[in-house]
*Asks:* 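Here it is, the structure, as structure tokens.
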Amino acid sequence: LLQVIWILAAFGDEHWTYEGELNPRPATYTDFSSHTGTSSPGRKIYVPHGYDQPGTEPLELHNNGHTVQLSLPPTLYLEGLPRKYVAVQLHLHWGERGSKMGSEHQINSKASAAELHIVHYDSDSYNSVGEAMKSPQGLAVLGILIEVGENENPAYEHILSRLHEIRYKGQKTSVPPFSVKELLPPELSQFFRYNGSLTTPPCYQSVVWTVFSQKVQISAGQLEKLQETLLSREREPAQVLEQNYRVPQPLNQRKVLASFN
Ligand code: 1SD
Ligand code: ZN
């Protein structure tokens with residue numbers, strides 16, 4: 001096992017230091033019920049930059065047959081990790097039609113209806129996301145757990161209201177710029193963090209995962225829009241794209257850290 005020491009810079013002269021572990025097996029530990037907590041009350045050590053600024057260029061929304069994916073500009077980046085991680089894209093994972101279990105991460109063994117991933121790569125060390133995704137800590141992905149609530153979530157409509165235009169694999173549409181911060185939960189200082197893998201093949205062990213403990217809500221109708229996405233191409237027999245999440249994997253001695261008690 002490769003031992004890695006992480007030093008996470010916090011604000012001011014405070015530092016959050018811990019030992020992480022990368023495991024060569026293609027697995028992501030996704031149940032936080034036995035997380036190792038560490039406390040940093042009231043301290044935001046994770047800062048998304050540019051997230052609150054709607055960009056100037058439209059964003060491309062694409063049904064790639066595995067997920068629906070929105071391109072993001074590198075003007076969005078993360079601070080609080082040892083290097084600068086710039087945004088590339090966001091995408092979603094969900095369950096089968098009608099199911100409210102479709103997240104990849106679980107908290108206390110409880111799955112959520114869906115999960116948003118915002119993918120970033122270490123632009124200080126690598127020239128492209130393709131290069132970074134093969135390297136330890138090359139990527140930083142934010143995970144946002146999505147549950148079903150009473151109300152429609154207007155922020156998610158930027159994406160979900162457009163899905164009927166890209167029902168088929170290979171289809172793309174253009175989304176006007178919006179503030180990506182609206183997709184995040186209000187409380188960003190409470191999260192879990194661990195070194196893990198891509199959740200899709202080739203499942204490289206290259207991801208610094210940050211999963212917010214607070215969830216966001218969308219309506220049942222909004223979840224349905226997601227679950228109506230197809231994995232078949234236009235003029236092919238319709239096949240629903242569902243259950244595009246990876247099930248929880250063994251911990252394999254990883255340390256999962258919490259930014260709160
Ligand atoms: O599933 C995605 C995959 O589509 C790709 O975006 C990759 C990063 O290049 O990340 C995985 S995931 O681990 O963010 N689900
Ligand atoms: Zn993902």
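Predicted model, so just to flag it, every value in this text is computed and none were measured. Just the heavy atoms: all of them, side chains too, but no hydrogens, waters or symmetry mates, feed the values below.
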*Asks:* Treating Gln227 as the side-chain partner and Gly98 as the backbone partner, does any N or O pair qualify as donor plus acceptor under 3.5 Å?
*Replies:* yes

*Asks:* Can a donor-acceptor pair be found, under 3.5 Å and without considering hydrogens, that links the side chain of Glu182 to the backbone of Ala155?
*Replies:* no

*Asks:* Would you call Glu157 and Lys225 a salt bridge, using N to O less than 4.0 angstrom?
*Replies:* yes

*Asks:* To the nearest 0.5 Å, tell me how far Met133 CE sits from Leu139 CG.
*Replies:* 7.0 Å

*Asks:* Measuring only between side-chain heavy atoms, which start at C-beta, is Val256 closer than 4.5 Å to Leu251?
*Replies:* yes

*Asks:* Nearest 0.5 Å please: distance from the CG atom of Leu145 over to the CZ atom of Phe212.
*Replies:* 10.5 Å

*Asks:* Which atom names give the shortest non-hydrogen contact between Ala114 and Ser103, and what distance separates them?
*Replies:* O-CB, 3.8 Å

*Asks:* Drop me the distance from Arg246's CZ to Gln249's CD, to the nearest 0.5 angstrom.
*Replies:* 3.5 Å

*Asks:* Compute whether any side-chain donor of one residue and acceptor of the other, for Ser112 and Glu147, lie under 3.5 angstrom apart.
*Replies:* no

*Asks:* Is the side chain of Tyr156 donor-acceptor paired with the backbone N or O of Leu183 at a distance under 3.5 Å, no angle test?
*Replies:* yes

*Asks:* Evaluate the side-chain proximity of Ile146 to Leu116: yes if any heavy-atom separation is below 4.5 Å, no if none is.
*Replies:* yes

*Asks:* Taking the side chain as C-beta and beyond, is there a heavy-atom pair between Thr200 and Asn244 under 4.5 Å?
*Replies:* no

*Asks:* For Ser71 and Glu60, which I'm curious about, is there any donor-acceptor pair between the side chains at under 3.5 Å?
*Replies:* no

*Asks:* Taking the side chain as C-beta and beyond, is there a heavy-atom pair between Arg162 and Pro176 under 4.5 Å?
*Replies:* yes

*Asks:* With distance as the sole test, does Thr229 use its side chain to make a donor-acceptor pair with the main-chain N or O of Arg167 at under 3.5 Å?
*Replies:* no

*Asks:* With side chains defined as the heavy atoms from C-beta onward, is the minimum distance between Asn195 and Trp209 less than 4.5 Å?
*Replies:* no

*Asks:* Considering all heavy atoms of both residues, which atom of Gly149 and which atom of Gln217 are nearest to each other, and what is their separation?
*Replies:* CA-OE1, 3.6 Å

*Asks:* When you compare the side chain of Gln222 with that of Glu152, does any pair of heavy atoms fall below 4.5 Å?
*Replies:* yes

*Asks:* When you measure from the side chain of Gln53 to the backbone of Gly50, do you find a donor-acceptor pair of N or O atoms at a distance under 3.5 Å?
*Replies:* no

*Asks:* Locate the shortest heavy-atom distance separating Leu184 from Pro48; write the atom from each residue and the value.
*Replies:* CD1-CG, 4.2 Å

*Asks:* I'd like to know whether Val180 forms a side-chain contact (heavy atoms from CB on, under 4.5 Å) with Ile118, so could you lay out the CA-CA distance, the side-chain angles of the two residues, the decisive distance to 0.1 Å, and finally the verdict.
*Replies:* CA-CA 10 Å; Val180 175; Ile118 311 183; 4.1 Å; yes

*Asks:* Let me see the working for Val88 and Leu72 under side-chain contact (heavy atoms from CB on, under 4.5 Å), right down to the final yes or no.
*Replies:* CA-CA 5 Å; Val88 188; Leu72 294 175; over 6 Å; no

*Asks:* Starting at OG1 of Thr67, measure out to NE2 of His93 and round the result to the nearest 0.5 Å.
*Replies:* 5.5 Å

*Asks:* Among side-chain atoms of Gln190 and Gln214, is any donor-acceptor pair under 3.5 angstrom?
*Replies:* no

*Asks:* What are the two closest heavy atoms between Ser125 and Arg83, and how far apart are they?
*Replies:* OG-CD, 3.2 Å

*Asks:* With hydrophobic residues grouped by side-chain heavy-atom distances under 4.5 Å, do Leu230 and Leu226 end up in a single group?
*Replies:* no

*Asks:* Do Leu61 and Tyr168 sit in the same hydrophobic cluster, where Ile, Leu, Val, Met, Phe, Trp and Tyr count as joined when their side-chain heavy atoms come under 4.5 Å apart?
*Replies:* no

*Asks:* To the closest 0.5 Å, what do you measure between OH (Tyr204) and CG (Leu198)?
*Replies:* 8.5 Å

*Asks:* Below 6.0 angstrom between ring centroids: does that apply to His105 and Tyr194?
*Replies:* yes

*Asks:* Just verifying a value: how many Å separate Ser128 OG and Tyr121 OH, rounded to the nearest 0.5 Å?
*Replies:* 6.5 Å

*Asks:* Compare all side-chain heavy atoms of Asp122 with those of Leu81 and state whether any distance is below 4.5 angstrom.
*Replies:* no

*Asks:* Are Val68 and Leu163 close enough, and set up right, to give a side-chain contact (heavy atoms from CB on, under 4.5 Å), and what steps lead you there?
*Replies:* CA-CA 8 Å; Val68 289; Leu163 293 184; 3.8 Å; yes

*Asks:* In the single-linkage hydrophobic clustering (I, L, V, M, F, W, Y; side-chain heavy atoms under 4.5 Å), do Met101 and Leu223 co-cluster?
*Replies:* no

*Asks:* Tell me whether the guanidinium CZ or amine NZ of Lys84 lies under 6.0 angstrom from the six-membered ring centre of Tyr77 and within 45° of its axis.
*Replies:* yes

*Asks:* Using side-chain heavy atoms (C-beta onward) and a distance below 4.5 Å, is Phe192 in contact with Ile107?
*Replies:* yes

*Asks:* Using the six-membered ring wherever Trp is involved, compare the ring planes of His117 and His91 and label them parallel, tilted or perpendicular (cut-offs 30° and 60°).
*Replies:* perpendicular

*Asks:* How far apart are the closest heavy atoms of Leu241 and Gly65, and which atoms are they?
*Replies:* CD1-O, 3.6 Å

*Asks:* Show your working on side-chain contact (heavy atoms from CB on, under 4.5 Å) between Arg97 and Val240 and close with a plain yes or no.
*Replies:* CA-CA 8 Å; Arg97 263 193 186 174; Val240 180; 3.7 Å; yes

*Asks:* Surrounding CG of Asp124 (heavy atoms of other residues, nucleotides or ligands, distance under 6.0 Å), is the total greater than 12?
*Replies:* yes

*Asks:* Is a side-chain N or O of His62 found less than 3.5 angstrom from the main chain of Lys172, in a donor-acceptor match?
*Replies:* no

*Asks:* Between Glu165 and Gln171, does a side-chain hydrogen bond (donor to acceptor under 3.5 Å, both in side chains) hold up when you go through it step by step?
*Replies:* CA-CA 8 Å; Glu165 299 168 38; Gln171 290 184 320; over 6 Å; no

*Asks:* Looking only at heavy atoms, which two atoms of Val208 and Tyr85 are closest? And how far apart?
*Replies:* CG2-OH, 4.1 Å

*Asks:* Where the side chain of Ser232 meets the backbone of Lys169, is there a donor-acceptor pair that is under 3.5 Å apart?
*Replies:* no

